[in-house]
Amino acid sequence: MAHKESGLKGSGDQIVSDLQQLELIAQVSNEAALRAHLAEQPRTVYCGFDPTADSLHIGNLVPLLALRRFQDYGHQPILLVGGATGLIGDPGGRASERTLKPIEEVAAFVDKIRDQACRFLDFECEGNPALVVDNADWMKGLDVITYLRDIGKHFSVNAMVQKETVKRRLEDDSAGISYTEFSYMILQSYDFAVLYRDHDCTIQMGGSDQWGNITSGIDLIRRMQGGQAHAITYPLITKSDGTKFGKSAEGAVWLDPAKTSPYKFYQFWINCADDDVVRFLKIFTFLSAADIADLADAQQSQPEARLAHRRLAQEVTRLVHGESAVTAVERITAAIFSNRIDALTEQDFAQLAQDGLPSTHSDLAEVGLLTVLVESGLATTPKGEVTQGQAKKLILGNSVAVNGVKQVDPEFKLQADSGRYGRYHLVQKGKKQHHLVVLKR
RNA sequence: GGAGGGGUUCCCGAGCGGUCAAAGGGAUCAGACUGUAAAUCUGACGCGAAAGCUUCGGUGGUUCGAAUCCGCCCCCCUCCA
């Protein structure tokens with residue numbers, strides 16, 4: 001993903017002010033020192049991503065976009081994939097011990113995550129091309145004696161126990177922490193030290209829950225190499241209603257279109273709360289401060305127009321899935337939420353399925369509504385199972401519409417000739433979930 | 001290895017021989033109101049149309065009857081060694 005005009009975006013420490021304005025800085029090791037450091041010459045910044053799943057999710061966009069902002073100011077970003085640390089598990093941000101994943105599985109995750117993350121940075125540009133590294137490269141060969149003598153010796157358990165992430169687990173009566181996870185901090189610190197040594201990387205960025213790990217990396221660099229490094233953390237993204245950010249009904253919102261369709265992805269953003277939209281525009285888009293201020297005004301003066309929401313959804317979807325996905329997804333959205341269903345042409349229907357609206361094609365000319373709800377997965381219980389009972393409840397609860405008409409009869413059948421253009425049925429559950437059923441004509 | 005405290009439905013958390021499919025809260029889904037928002041109110045929330053069936057770490061008992069009592073096993077936490 002190219003994004004030229006980098007490098008000349010003002011003096012090197014302007015990035016700090018920018019991030020501050022965007023509410024993207026939770027803590028900084030020493031602001032004055034960091035600013036001086038950045039202003040002096042282009043620097044190298046890194047952020048780590050542990051392979052905990054086969055895709056990144058929207059929470060990972062925060063550091064990814066922040067790295068790109070650094071790159072736009074002429075600094076070099078390093079993207080570290082935790083092929084090794086992912087095998088250990090970070091105790092941070094977790095109330096209890098992780099289940100270790102099989103080694104092969106993590107290796108597969110590493111590949112996917114590397115590919116995904118790369119799209120957000122520029123690897124070709126002059127001067128400060130991004131770099132991807134995998135900490136398995138230097139951890140795999142590390143033997144225990146070296147680990148304990150050369151690295152472990154620099155860590156005081158007394159200090160480690162004081163770190164927030166560890167402390168919380170020690171104080172929790174029901175959790176505790178294994179030696180494995182306890183050691184995570186050492187590994188992450190060592191990463192920083194290796195990057196400092198090999199790439200002159202002097203800044204590490206991470207979530208505010210990484211603060212302890214990052215600062216202990218700074219300490220390690222001072223002890224092993226006598227160097228001075230810096231830390232920047234971003235706040236963990238919260239939602240105004242206090243629920244966890246990044247979760248939708250089906251769980252996390254993934255960047256992988258196979259796991260979260262661009263349509264759902266777009267819908268996630270357009271559905272965010274009013275109180276969050278401006279903040280999200282700052283964090284998840286590259287819009288200028290002026291544009292964001294305009295959108296904020298619009299949001300204030302005519303909230304029902306949802307201009308800010310729409311722009312947010314467009315921008316983020318474009319960033320992650322590209323321009324054509326935005327077009328496709330907006331076509332679906334317009335059809336479903338703005339137009340009337342009877343205004344859709346036959347081509348429109350055909351296009352909906354292509355654009356990524358969930359759909360099924362059936363060989364039958366008739367199919368029961370219950371069956372449709374079950375097979376489409378719309379009849380998901382609060383627990384996450386798909387059952388016929390749930391389908392019936394939904395129908396009886398006045399929650400299901402076919403081609404815009406509510407159906408309250410559980411025995412209702414979709415028939416080809418009663419559908420639009422002799423085959424299309426748009427089945428709707430609640431206000432926001434749709435499924436297109438195409439029958440045999 | 002020893003002593004003590006725990007493992008309950010998606011999560012937290014009550015229950016401690018029948019009235020328990022299991023209080024309460026959260027999350028989730030739906031309905032109403034709206035703006036594809038928030039807040040609020042209502043309903044649903046193990047499976048099943050129902051009879052009924054399957055749940056309270058596992059297993060074997062005691063009992064007419066167990067999430068609740070007993071034995072053994074597994075796992076977690078704290079302290080001691």
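Residue numbers start from 1 in every chain, and the chains themselves are labelled A, B, ... in the order their sequence lines are given, proteins ahead of strands.
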[N] to [M] separation - [atom1] atoms, rounded to the nearest Å:
| N | M | atom1 | value |
| --- | --- | --- | --- |
| G35(B) | A44(B) | C1' | 26 Å |
| A14(B) | A67(B) | C1' | 12 Å |
| U78(B) | U28(B) | C1' | 35 Å |
| C56(B) | A22(B) | P | 15 Å |
| G26(B) | A21(B) | P | 25 Å |
| U8(B) | A49(B) | C1' | 30 Å |
| C72(B) | A23(B) | P | 32 Å |
| C16(B) | G6(B) | P | 14 Å |

5'-to-3' dot-bracket of RNA chain B (Watson-Crick, G-U; under 3.5 angstrom; crossing pairs as [ ]; | other strand): (((((((..(((.....[.....))).(((((.......))))).((....))...(((((..]....)))))))))))).
Partner residues of Thr215(A) under the side chain to side chain donor-acceptor pair (under 3.5 Å) criterion, sequence neighbours left out: Lys163(A)
Listed partners of Glu315(A) passing side chain to side chain donor-acceptor pair (under 3.5 Å), at least two apart: Arg311(A), Arg318(A)
CA sep, side-chain torsions, deciding dist, call: Asp90(A), Gln210(A), side-chain hydrogen bond (donor to acceptor under 3.5 Å, both in side chains): CA-CA 9 Å; Asp90(A) 183 4; Gln210(A) 297 293 308; 2.8 Å; yes
Within residues 315-336 of chain A or reaching into it, pairs that qualify as ring pair (Phe, Tyr, Trp, His ring centres under 6.0 Å) - sequence neighbours excluded: Phe265(A)-His321(A)
Residue pairs involving residues 375-408 of chain A (criterion ring pair (Phe, Tyr, Trp, His ring centres under 6.0 Å); sequence neighbours excluded): none
Exceeds 12 heavy-atom contacts within 6.0 angstrom, atom NZ of Lys440(A): no
Rounded to whole Å, how long is the line connecting atom [atom1] of [X] with atom [atom2] of [N]?
| X | N | atom1 | atom2 | result |
| --- | --- | --- | --- | --- |
| Leu170(A) | C76(B) | CG | P | 16 Å |
| Arg310(A) | G35(B) | CZ | C1' | 15 Å |
| Ile395(A) | C29(B) | CD1 | C1' | 15 Å |
| Lys264(A) | U36(B) | NZ | C1' | 15 Å |
| Trp269(A) | A37(B) | CH2 | P | 17 Å |
| Phe337(A) | U36(B) | CZ | C1' | 5 Å |
| Arg168(A) | C77(B) | CZ | P | 17 Å |

Report each atom pair, protein N/O against N/O of nucleotides 30-33 of chain B, whose distance is under 3.5 angstrom.
unit_1	atom_1	unit_2	atom_2	d
A30(B)	O3'	Ser399(A)	OG	3.2
A30(B)	O2'	Ser399(A)	OG	2.1
G31(B)	OP1	Lys406(A)	NZ	3.4

CD1 on Ile237(A) to CG on Leu24(A), rounded to 0.5 Å: 6.5 Å
Tyr190(A)/His154(A) under ring-ring contact (aromatic ring centres under 6.0 Å, His included): CA gap, chis, key distance, verdict: CA-CA 11 Å; Tyr190(A) 185 56; His154(A) 297 294; over 10 Å; no
Closest approach of Thr345(A) to Tyr421(A) (non-hydrogen atoms, all atoms of both residues): CA-OH, 3.3 Å
Polar side-chain atom of Ser359(A) near backbone of Ala353(A) as donor-acceptor pair, under 3.5 Å: no
Side-chain ion pair, Asp111(A) and Arg114(A), N-O less than 4.0 Å: yes
Carboxylate-amine/guanidinium proximity below 4.0 Å for Lys112(A) and Asp115(A): no
Contacts of type salt bridge (charged side-chain N to carboxylate O under 4.0 Å, His left out), residue Glu23(A), not counting sequence neighbours: Lys282(A)
RNA chain B contacts among residues 296-306 of chain A, heavy-atom distance under 4.0 Å: Pro303(A), Glu304(A), Arg306(A)
Positions of residues 366-377 of chain A (non-hydrogen atom under 4.0 Å from RNA chain B), listed by number: none
Those residues that, when tested against Phe192(A), pass ring-ring contact (aromatic ring centres under 6.0 Å, His included) (two or more places apart): Tyr46(A)
Donor on one side chain, acceptor on other, [X] and [Y], under 3.5 Å:
| X | Y | result |
| --- | --- | --- |
| Thr387(A) | Thr381(A) | no |
| Thr85(A) | Gln188(A) | no |
| Asp219(A) | Ser216(A) | no |

Side chain to side chain, His435(A) and Thr360(A), heavy atoms closer than 4.5 Å: yes
For nucleotides 45-51 of chain B, tabulate all protein N/O to nucleotide N/O atom pairs closer than 3.5 Å, reporting atom names and distance.
unit_1	atom_1	unit_2	atom_2	d
G48(B)	OP1	Gln388(A)	N	3.4
G48(B)	OP1	Gly389(A)	N	3.3

Ring geometry between His434(A) and Phe337(A) (parallel below 30°, tilted from 30 to 60°, perpendicular above 60°): perpendicular
Intermediate values then yes/no, side-chain hydrogen bond (donor to acceptor under 3.5 Å, both in side chains), Gln299(A) and Asp274(A): CA-CA 8 Å; Gln299(A) 174 61 28; Asp274(A) 288 13; 3.2 Å; yes
Can you tabulate the close N/O pairs, meaning under 3.5 Å, that link protein atoms to atoms of nucleotides 39-43 of chain B?
none

5′-ward residue of the pair Ile177(A)/Ile270(A) relative to RNA chain B: Ile270(A)
